Amino acid sequence: MKIRPLHDRVLVKRLEESTKTAGGIIIPDTAKEKPSEGIVEAIGDGYRAETGQVVPLNVKVGDKVLFGKWSGTEVKVNGETRLIIKEAEILGVVEE
């Protein structure tokens with residue numbers, strides 16, 4: 001199955017956080033927080049401005065992005081969890 005987001009929405013795969021701290025302590029699954037960092041896997045066409053013109057999105061497939069802890073809607077794609085979020089909920093793009 002493949003998902004193509006509509007309008008100004010973005011499909012994001014969450015990045016897994018480390019299961020160990022810097023000191024070597026293993027963090028149990030119950031204590032882990034959902035990561036707020038991910039990779040963009042698909043994007044919509046853009047949003048429609050008041051003039052009727054379609055404005056393209058600022059993010060592209062492959063970008064590493066930061067988003068809020070409670071942003072978006074979780075969906076299952078081929079048994080894996082993905083997030084569909086609006087571009088406005090993306091806080092920034094990580095540039096390395």
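Predicted, not measured: the structure shown is a model, and the values here were computed from it.
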Taking Val40 as the starting point, is it possible to reach Leu91 by hopping between hydrophobic residues whose side chains are less than 4.5 Å apart?
no
Which heavy atom of Phe67 sits nearest a heavy atom of Val12, and at what distance?
CE2-CG1, 3.8 Å
When clusters are formed by joining ILVMFWY residues with side-chain heavy atoms under 4.5 Å apart, either directly or through shared neighbours, do Val61 and Val59 land in the same one?
no
Determine, using the 4.5 Å side-chain heavy-atom cutoff (strictly less than), whether Val77 and Ile84 are members of one ILVMFWY cluster.
yes
All side-chain hydrogen bond (donor to acceptor under 3.5 Å, both in side chains) counterparts of Arg9, not counting sequence neighbours
none
Nearest 0.5 Å, what's the CG-CG distance between Leu83 and Leu11?
8.5 Å
Closest non-hydrogen atoms of Lys64 and Leu15, given as atom of the first, atom of the second and distance, are CE-CD1, 3.4 Å
Taking Thr81's backbone N and O only, do any of them form a donor-acceptor pair with Glu74's side chain (distance below 3.5 Å, no angle check)?
no
Value rounded to 0.5 Å, distance of CG in Asp63 from CD in Glu95:
8.5 Å
Hey, are the side chains of Trp70 and Glu89 touching, using non-hydrogen atoms and a 4.5 Å cut-off?
no
For Asp8, side-chain hydrogen bond (donor to acceptor under 3.5 Å, both in side chains) partners two or more places apart
none
Nearest-0.5 Å distance that lies between atom OG1 in Thr73 and atom NZ in Lys86
10.5 Å
What are the two closest heavy atoms between Ile85 and Gly72, and how far apart are they?
CG2-CA, 3.1 Å
Using the salt bridge (Lys or Arg N to Asp or Glu O under 4.0 Å) rule, collect all pairs that involve residues 38-55, keeping only residues at least two apart or in two chains.
Glu41-Arg82
Does a side-chain heavy-atom distance below 4.5 Å link Val65 with Val10?
no
Search all heavy atoms of Gly46 against all heavy atoms of Leu57 and return the closest pair with its distance.
CA-CD2, 3.9 Å
